[in-house]
Amino acid sequence: MKLLRINHLGIATLGLDEAVDRMARLFDMAPDHAEAVPEQKVQTAFFPVGESTLEFLESTDPEGPIGKFLAKRGPGIHHVCFEVDDIDAAVAGLLAKGVRMIDEAPRNGAHGCRVAFIHPSETGGVLMELSQGR
């Protein structure tokens, strides 16, 4: 597996409107992309920062992953996403090493990317996402 770059930092927020307003107030920035990701039960807004992005995530369902995260930990950094050259090979390689995965097969994410999450018990408590596409 080859990590190409940090693609984005995922930040859980109680509301996208407030997050968008905060980015405008602090940094004169507007999102360059926003979309719903029904499979993940979230609305997202993306802010480009150099070659990486900040992804703000608002839950659309308290039982979804972001809803549960917010209930347990509150707003803040949710995950780090690494762009990979071949997500199928990356997931297969990790599984072959016995790495605990949240996703044992890539699934659809925002921007039409294919994504898979590594369980935080494998990464020192940090949720890590692998992404390919776009």
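The first residue of the sequence shown is numbered 1, and numbering continues consecutively from there.
Nearest heavy atoms, Val49 versus Leu54: CG2-CG, 4.1 Å. Nearest heavy atom pair, residue Met1 against residue Ala90, reads SD-CB, 3.6 Å. Listed here is the closest heavy atom pair of Pro48 and Met29: O-CE, 3.0 Å.
Judged as a ring pair (Phe, Tyr, Trp, His ring centres under 6.0 Å), the pairs with a partner in residues 4-25 (not counting sequence neighbours) are, in order, His8-His79.
Between Arg114 and Asp88 a salt bridge is recorded (basic side-chain N to carboxylate O distance below 4.0 Å).
Under the salt bridge (charged side-chain N to carboxylate O under 4.0 Å, His left out) criterion, Glu83 pairs with Arg5, sequence neighbours left out. By the side chain to side chain contact (heavy atoms under 4.5 Å, CB included) test, Phe69 is found to be paired with Ala12, Arg73, His78, residues two or more places apart in sequence or in another chain being considered. Among residues two or more places apart in sequence or in another chain, the side-chain hydrogen bond (donor to acceptor under 3.5 Å, both in side chains) test is passed with Asp61 by none. Glu122 is linked by a salt bridge (charged side-chain N to carboxylate O under 4.0 Å, His left out) to nothing, counting only residues two or more places apart in sequence or in another chain.
More than 12 heavy atoms of other residues, nucleotides or ligands lie within 6.0 Å of CG in Leu4, so this atom counts as buried by the packing criterion. For Glu39, the CD atom is densely surrounded, since the number of other residues' heavy atoms within 6.0 Å is greater than 12. Within 6.0 Å of the CG atom in Asp21, the count of heavy atoms belonging to other residues, nucleotides or ligands exceeds 12. Shown here is Arg100, whose CZ atom has no more than 12 heavy atoms of other residues, nucleotides or ligands within 6.0 Å.
If you chain together hydrophobic residues whose side chains sit under 4.5 Å apart, Phe46 and Leu26 never meet in one group. Residues Leu3 and Val99 share a single hydrophobic cluster, defined by chaining ILVMFWY side chains whose heavy atoms lie under 4.5 Å apart. Hydrophobic cluster membership is shared by Met23 and Leu9, with clusters built from Ile, Leu, Val, Met, Phe, Trp and Tyr side chains linked at under 4.5 angstrom.
Side-chain atoms of Ser131 and Ile87, non-hydrogen and from C-beta on, never get closer than 4.5 Å to each other. By the 4.5 Å heavy-atom criterion applied to side chains, Asn108 and Cys113 are not counted as neighbours. When side chains are defined from C-beta on, Leu130 does not count as touching Val115, because their heavy atoms never get closer than 4.5 Å. Proximity of Phe117 to Met128: side-chain heavy atoms (C-beta onward) are nowhere separated by under 4.5 Å. Residues Asp103 and Val91 form no side-chain contact, since every pair of their non-hydrogen atoms from C-beta on lies 4.5 Å or further apart. Met101 places a side-chain heavy atom less than 4.5 Å from the side chain of Leu95. Under the 4.5 Å side-chain criterion, counting only non-hydrogen atoms from C-beta, Gln43 is not in contact with Phe56. Put simply, the side chain of Asp32 does not reach to within 4.5 Å of the side chain of Phe47, judged on heavy atoms.
A donor-acceptor pair is defined here as one N or O able to donate and one able to accept, closer than 3.5 Å; such a pair exists between the side chain of Glu35 and the backbone of His111.
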Query - side chain to side chain contact (heavy atoms under 4.5 Å, CB included) assessment of Ile102 paired with Ile118 - result: CA-CA 6 Å; Ile102 291 174; Ile118 302 170; over 6 Å; no
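Leu14 belongs to a hydrophobic cluster whose remaining members, ordered by chain and number, are Val37, Val42, Leu57, Ile66, Leu70; membership requires side-chain heavy atoms of ILVMFWY residues under 4.5 Å apart, directly or through intermediates.
The distance from atom CD of Glu58 to atom CD1 of Ile11, rounded to the nearest 0.5 Å, is 14.0 Å.
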